[in-house]
Amino acid sequence: MNIFNDFRQEVLTALEGLQATEPRLKGCEMLAVTLEAPRDPSHGDFSTNAAMVLSKQAGMKPREIADLLCGALRRDSRFEKVEVAGPGFINLRLTADFWRGALAAILADADQYGVSKIGAGIRVSIEYVSANPTGPMHVGHTRGAVFGDTLANLMEKAGYQVCREYYINDAGGQVDVLARSAYLRYREALGEDIGEIPEGLYPGDYLKPVGRAIAARDGGKWLSEPEEKRIEFFANFAVIEMMKLIKDDLRSLNIVHDTFFSERILHHNAESVKPIQDYFRDLGFDTDDYFSRRGDPDKSAVEAAVHALKQKDLIYNGVLEPPKGKLPDDWEPRPQTLFRATQFGDDVDRALKKSDGSSTYFASDIAYHHDKFRRGYSHMIDVFGADHGGYVKRMTAAVAALTGGKGVLDVKICQLVRLLRNGEQVKMSKRSGNFVTLREVVDEVGPDAVRFMMLYRKNDAPLDFDFAKVTEQSRDNPVFYVQYAHARICSVLRNAQDAFPGFLTETADLLLLRDETELSLIRLMAAWPRMVETAAQMHEPHRIAFYAHDLASAFHGLWNKGNDDPQLRFIVSGQKDVTLARLALIRAIKGVIASALAILGVAAQEEMR
RNA sequence: GUGCCCGUAGCUCAGCUGGAUAGAGCACAAGCCUUCUAAGCUUGGGGUCGCAGGUUCGAAUCCUGCCGGGCACGCCA
């Protein structure tokens with residue numbers, strides 16, 4: 001259900017028919033034949049490059065092919081006009097009746113309109129957010145969160161089977177820092193004066209409740225426990241609490257993941273996990289399910305992944321060259337366990353083990369992606385922040401290596417968000433703990449504005465987020481503009497109830513839609529299914545936001561025509577037939593805007609008050 | 001120094017995965033309007049698509065080299 005595909009097929013069929021009578025067209029490769037909407041609407045509804053693309057292969061002039069093709073296409077009565085133009089384009093204009101029929105089809109599909117099967121049920125794992133479990137989310141995380149969540153919605157709409165994943169970085173140094181910070185708050189809760197939070201620990205107030213909770217439950221018990229045991233307890237307890245915070249933050253933006261995957265589990269085998277099973281259970285991670293998938297119960301996932309790479313002869317011990325140009329101060333040659341990332345397009349081979357023998361973050365991430373693949377996700381998407389750009393090549397290299405090229409990883413990098421208040425940039429410093437949290441932003445402007453604005457820009461372009469602008473009720477604010485279009489339609493439909501009680505748009509005679517602006521809105525809506533498909537295939541949810549804005553804009557334009565000419569209003573008193581036809585049109589628009597907003601995760605308001 | 005991303009109107013950005021005379025909003029200028037929901041409408045000026053080559057019927061889009069900006073750069077996560 002994508003009219004561009006339908007009519008492209010029509011062109012291909014016509015070409016096949018011509019092959020019977022024109023030997024020079026035989027055996028031509030048709031892949032490059034496209035059908036698209038010309039930029040200039042006066043050129044028609046569609047235009048195909050077939051004649052130009054085939055010219056060389058067939059050894060015919062574009063014009064010659066075009067004339068033949070035009071003749072064939074003219075037999076289809078849905079075309080009002082078929083003509084050759086420019087260097088050999090064939091411009092196709094469909095009849096107004098065809099478009100009215102398209103509107104009827106859109107209405108018949110209702111909320112299923114735009115749903116696509118192009119994903120063919122392919123399983124795709126989308127990993128996004130994956131903020132360290134060391135505190136609440138700040139605005140820096142927000143863009144990736146919204147991007148990933150919307151991409152998931154979009155790909156589901158396009159027929160993919162999506163898993164929304166959060167990778168909990170609950171292993172490594174930052175968890176240790178978290179544990180020590182929480183312990184300090186625990187001592188504070190017991191009445192000790194802890195003074196300033198030392199450099200290197202997390203200063204935020206959000207750890208105070210954690211300290212208090214432990215103090216209330218266990219009293220002073222942990223003061224006398226050996227440090228190792230204490231750290232482990234505080235780490236586990238704090239991570240679980242922090243994940244609760246983070247999940248709440250995400251929920252405020254209507255983001256809910258399907259899977260929370262623990263990094264820490266990747267370092268355990270079936271035996272060593274037993275003493276800390278409570279931790280994983282509290283985290284909401286199903287270890288039974290996890291280990292039931294694993295081939296070798298004696299190996300951790302990291303060991304298994306490294307082993308798998310070793311078997312492919314992709315691991316060696318070596319010394320890396322120092323980076324050319326800027327030499328790190330403390331550089332010294334070191335033998336390391338390295339993965340041959342250069343064989344898969346990376347710039348250097350990458351370390352898998354630290355000098356103390358423990359594995360690197362990269363090694364865990366390899367194991368994690370290995371696990372995704374084994375779960376059946378041959379298509380993986382990672383959403384990272386701009387500062388992780390340098391990580392992309394090694395990760396795609398690792399996926400290619402581990403899956404023998406069967407797995408595909410696309411890493412989407414979200415650029416920074418610049419917060420503006422009254423035109424001034426809001427300064428943030430992580431060190432002082434003075435950062436704006438996600439929750440603060442959502443509480444101030446609401447989830448709809450946050451979500452829409454985060455998507456109203458390509459992911460790889462930086463983004464300005466202006467507190468004043470996103471809550472402004474004006475045309476300058478795209479969130480408002482789109483929601484307002486939807487609300488306006490709802491309002492008209494309510495008013496129509498008064499003018500024509502009990503009306504049914506199902507009985508509307510669409511032939512009464514005659515105005516060119518009305519027909520162009522149908523054309524715009526007819527492009528929606530293709531919009532969903534391309535945006536999903538390209539992993540570019542921002543296209544949906546722009547489309548929604550375009551459609552809203554076209555609708556507002558139609559509305560404004562009614563201001564100038566009362567005959568063009570949606571509700572024309574005393575003319576029930578015309579009114580019904582127009583109500584059918586705007587009901588379809590309402591449906592498409594609502595579909596777009598649903599993908600974006602933005603509420604479709606019934607009224608704007 | 002190397003890699004990745006970006007460079008499009010005065011500003012903020014789109015550009016449908018190579019198509020025709022490159023678009024929108026803001027700002028600017030002129031005129032109109034006071035509403036089926038007010039948060040307006042119409043029209044106009046404004047461009048070396050960073051620069052230079054290349055690929056081809058055709059390039060903002062693909063390739064190469066420069067210029068400029070951001071990010072990253074052996075065990076952090």
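Each chain gets a letter, A, B and so on, in the order its sequence line appears, and its residues count up from 1.
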ask   = Once the angle between the rings of A:Tyr167 and A:Phe261 is folded into 0 to 90°, is it parallel (under 30°), tilted (30 to 60°) or perpendicular (over 60°)?
value = tilted

message = Within this structure, what is the CE-OH distance for the pair A:Met155 and A:Tyr160, rounded to the nearest 0.5 Å?
response = 4.5 Å

note = Answer for the Watson-Crick or wobble partner of B:C26, both distances under 3.5 Å, is B:G10

task = Flag this pair as yes if the NZ/CZ of A:Arg530 is under 6.0 angstrom from the six-membered ring centre of A:Phe4 and inside a 45 degree cone about the axis; otherwise no.
result = yes

ask   = NA contact type, A:Asn91, heavy-atom cut-off 4.0 Å: base, sugar-phosphate, or nothing?
value = base

query = Is it true that A:His486 and A:Phe555 have ring centroids separated by less than 6.0 Å?
reply = no

note = Nearest-nucleotide check on RNA chain B, A:Lys393 vs A:His542; residue mapping nearer the 5' end is A:Lys393

remark   = Smallest heavy-atom separation, A:Ser47 atom then A:Asn91 atom, equals CB-OD1, 3.2 Å

query = Which is true for A:Glu607 with a 4.0 Å heavy-atom rule: it touches a base, it touches only sugar-phosphate, or it touches nothing?
reply = base

inquiry  = OP1 or OP2 of B:C41 versus the side-chain N and O atoms of A:Lys561: is any pair under 4.0 Å?
reply    = no

note = A:Asn49 has its side chain closest, among B:C5, B:G3, B:G19, to B:G19

message = Under 3.5 Å for both donor-acceptor distances, Watson-Crick or wobble: does B:G46 have a partner, and if so which one?
response = none

query = Looking at CG of A:Leu558 and CG of A:Leu568, how far apart are the two atoms once the value is rounded to the nearest 0.5 Å?
reply = 7.5 Å

remark   = Any strand, both distances under 3.5 Å, Watson-Crick or G-U wobble: B:C73 pairs with B:G1

key: Partner nucleotide, any strand, of B:U64 [Watson-Crick/G-U, under 3.5 Å]   = B:A52

key: Geometric cation-pi criterion A:Arg418 and A:Phe465, 6.0 Å radius, 45° cone   = no

query = Touch check for A:Val572, heavy atoms < 4.0 angstrom, all strands: base, sugar-phosphate only, or nothing?
reply = nothing

message = If I pick the C1' atom on B:A72 and the same atom on B:A27, what distance separates them, to the nearest angstrom?
response = 37 Å

remark   = Checking B:A14, B:C57, B:U37 against the side chain of A:Arg457 (C-beta onward), the nearest is B:A14

message = Can you see if the side chain of A:Arg488 gets near the phosphate of B:A38 - specifically, an N or O under 4.0 Å from OP1 or OP2?
response = yes

ask   = Under 4.0 angstrom, heavy atoms only, what part of the nucleic acid is A:Arg582 near: base, sugar-phosphate, or nothing?
value = nothing

ask   = If you check the A:Ser47 side chain, which of B:A20, B:U56, B:C13 turns out closest?
value = B:A20

key: Under 3.5 Å on both distances, the Watson-Crick or G-U partner of B:A38   = none

query = Which one is paired to B:C33, where only Watson-Crick or G-U wobble pairs with both distances under 3.5 angstrom count?
reply = none

ask   = So, the side chain of A:Asp45 versus the backbone of A:Leu94: is there a donor-acceptor pair under 3.5 Å, distance only?
value = yes

request  = For A:Tyr456, answer base if it contacts any base atom (sugar-phosphate contacts may also be present), sugar-phosphate if it contacts only those atoms, and nothing otherwise; contact means non-hydrogen atoms under 4.0 Å.
outcome  = nothing

inquiry  = At 4.0 Å (heavy atoms only), tell me whether A:Ala85 reaches a base, stays on the sugar-phosphate, or touches nothing.
reply    = base

Donor on one side chain, acceptor on other, A:His556 and A:Arg475, under 3.5 Å = no

message = Does the Lys NZ or Arg CZ of A:Arg350 fall within the cation-pi geometry relative to A:Phe362 - under 6.0 Å from the ring centre and within 45° of the axis?
response = no

query = So does A:Lys458 get a side-chain nitrogen or oxygen closer than 4.0 Å to the phosphate oxygens (OP1/OP2) of B:G15?
reply = yes

Protein and nucleotides 27-36 of chain B: nitrogen or oxygen contacts under 3.5 angstrom:
unit_1 : atom_1 : unit_2   : atom_2 : d
B:U35  : O2     : A:Asn563 : OD1    : 3.4
B:U35  : O2     : A:Asn563 : ND2    : 3.3
B:C36  : OP1    : A:Arg569 : NH1    : 2.4
B:C36  : OP1    : A:Arg569 : NH2    : 3.4
B:C36  : O3'    : A:Asn495 : ND2    : 3.4
B:C36  : O2'    : A:Asn495 : ND2    : 2.6
B:C36  : N4     : A:Trp559 : O      : 3.1

remark   = Scoring nucleotides 61-77 of chain B by protein non-hydrogen atoms under 4.0 Å (B base, S sugar-phosphate only, - none) yields ----------SSBBBSB

ask   = What distance do A:Ile593 atom CD1 and A:Leu600 atom CG have between them, rounded to the nearest 0.5 Å?
value = 11.5 Å

task = Give a yes/no verdict on base stacking between B:A20 and A:Phe89: centres under 5.5 Å, planes within less than 30° of parallel.
result = yes

